[in-house]
Protein chains: 2
Amino acid sequence: MSQPSTRAIPEPTLRRLPAYHEFLKKLRAQGKTLVSCTHISEALGVYSTQVRKDLAVTGIVGRPKTGYDIVELMRSIESFLGWDDRRSAFLAGVGSLGSAILGYRGFESHGLNIVAGFDTDPGIVGTEVHGKTILHLDRLTGLARRMHVHMGIITVPADVAQDVADRMIAGGIYAIWNFAPTSLRVPDNVVVQNENLASSLAVLSNRIANREP
Amino acid sequence: MSQPSTRAIPEPTLRRLPAYHEFLKKLRAQGKTLVSCTHISEALGVYSTQVRKDLAVTGIVGRPKTGYDIVELMRSIESFLGWDDRRSAFLAGVGSLGSAILGYRGFESHGLNIVAGFDTDPGIVGTEVHGKTILHLDRLTGLARRMHVHMGIITVPADVAQDVADRMIAGGIYAIWNFAPTSLRVPDNVVVQNENLASSLAVLSNRIANREP
DNA sequence: TAGATTGTTAATCGATTAACAATC
DNA sequence: TAGATTGTTAATCGATTAACAATC
């Protein structure tokens, strides 16, 4: 096709692609060079037809009877998920969770570059956490605009999350990764990804209650 | 009906209930006593019919024209999600993310009691982190069995996550909250909730690419 | 009563699963 | 060639959305 597809990629597919990539990394470390959907299917508990459809969105083409080239498939996933790019992000709220995220090296290989942390605590502002400079929250809006940062990570308590989101949006940030347990009001052109641990815990607890013993 | 319903609660419903609860907390703080589904619907961006169905699973009954009593509804959600109970859990991997989770006070009100942390680093073993004792990983299996702990939280690097999961299961743990970016092989009677930040980032990045400017 | 809201049933939509044709 | 595997189309399933009846 000559024009870019407008059909949205299903969210479950997007969530599975990194898991496939992780599995492929293991296979590659074992010296394997080829993989079939059946193989991935058995390892991750996803129907092989589903795996095939998921992989297809990345543009990879497999070979009947042999499967996919592992390195080629990994590159295809990386490029599709934008792991080759560098997206700059600001993080607000350098508490224990914020510090953990600042220090997580895994994001670097996923195209995410957290360039600075922001907080209001005078004991933290001006220091470095995991090599990242911590600045006062009052500087977030201006710096986001000046540095063309478009992604924000919110790790502040729930009661100040909306204020932080407003400051981010005022600075031109249009993608927010929200770890505060509260929903944010944002304009239509701003995308928010909520990371709610209470929700995940609710799912796990319910599965415990309904599990076969 | 006289026997307990066997129909599983939809996962999206379970994920939304804590968000409703959070919103109700705000309303209560404002001195409100009643709430309608329309009100919740507008605040959280969920269709009011959906809200009504979600709330119904908790057993709450509303009153036409008036809506739901906020305090009663909060209690209904809390009781349905098991937030009145006390589930003991062990956490393995006291790095930055593990420490953050050990220190997160929000879990206490959600029925989760992390009783101890485990690690192999001699510099951490024997200390306390956020008031929780850190023990050597070798003691996890035995203590889980002796203390009847059935939930485990994995915050170790991907390459040792499977080993930690095996130790947990050997100790009688049958619910695992996995923060390591790898999928775990577990027996059928063990439930696993994967918390994969790379997956969430993939969804957010894709939404950025497809967003209306 | 009239009207707002709940609760429920039906229709729609989208993802998963199954069936099968194409291909190396 | 035969058979394993991909790629695609059709069927199923489950959640969301819409329609509407019940009720205070």
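Bear in mind that the values here come from a model prediction, so they are computed numbers and not experimental data. By convention in this document, chain letters (A, B, ...) are assigned in the order of the sequence lines, proteins followed by strands, and residues within each chain are numbered from 1.
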With a 3.5 Å cut-off and sequence neighbours excluded, list the donor-acceptor pairs that the side chains of residues 60-74 of chain A form with protein atoms.
| residue | atom | partner | partner atom | Å |
| --- | --- | --- | --- | --- |
| Thr66(A) | OG1 | Arg63(A) | O | 3.0 |
| Asp69(A) | OD2 | Val71(A) | N | 3.3 |
| Asp69(A) | OD2 | Glu72(A) | N | 2.9 |

Table please: side-chain donor-acceptor pairs of residues 28-37 of chain B below 3.5 Å, with sequence neighbours left out.
| residue | atom | partner | partner atom | Å |
| --- | --- | --- | --- | --- |
| Gln30(B) | OE1 | Lys32(B) | NZ | 3.0 |
| Ser36(B) | OG | Thr38(B) | N | 3.4 |
| Ser36(B) | OG | His39(B) | N | 3.2 |

Stretch residues 70-78 of chain B: residues that reach within less than 4.0 Å of DNA chain C through a heavy atom: none
Sequence neighbours excluded, every pair satisfying side-chain hydrogen bond (donor to acceptor under 3.5 Å, both in side chains) that has a member inside residues 88-106 of chain A: Arg105(A)-Glu108(A)
Which residues share a side chain to side chain donor-acceptor pair (under 3.5 Å) with Lys25(B), sequence neighbours left out: none
Those residues that, when tested against Thr141(B), pass side chain to side chain donor-acceptor pair (under 3.5 Å) (two or more places apart): none
Pairing residues for Ser199(B) by the side chain to side chain donor-acceptor pair (under 3.5 Å) criterion, not counting sequence neighbours: none
Glu11(A) and Arg207(B) ion-paired at < 4.0 Å: yes
5'-most by nearest nucleotide on DNA chain C - Arg63(A) or Thr66(B): Thr66(B)
Paired stretches of DNA chain C - 3 or more consecutive Watson-Crick or G-U pairs, each distance under 3.5 Å: C:3-24 with D:3-24
Outermost DNA chain C nucleotides near chain A [under 4.0 Å, heavy atoms]: dA15(C) to dC24(C)
Please table the atom pairs, donor to acceptor, closer than 3.5 Å between any side-chain atom in residues 152-163 of chain A and protein atoms at least two apart or in another chain.
| residue | atom | partner | partner atom | Å |
| --- | --- | --- | --- | --- |
| Thr155(A) | OG1 | Ala92(A) | O | 3.0 |
| Thr155(A) | OG1 | Gly93(A) | O | 2.7 |
| Gln162(A) | OE1 | Arg185(A) | N | 2.9 |
| Gln162(A) | NE2 | Asp166(A) | OD1 | 2.9 |
| Gln162(A) | NE2 | Arg185(A) | O | 3.1 |
| Asp163(A) | OD2 | Arg167(A) | NE | 3.1 |

Smallest separation among heavy atoms of Leu81(A) and Ser205(B), with atom names: O-CB, 4.4 Å
Strand-adjacent residues in residues 33-61 of chain B, judged by heavy atoms under 4.0 Å from DNA chain D: Tyr47(B), Thr49(B), Gln50(B), Lys53(B)
Contact list for DNA chain C against residues 187-205 of chain B - heavy-atom distance below 4.0 Å: none
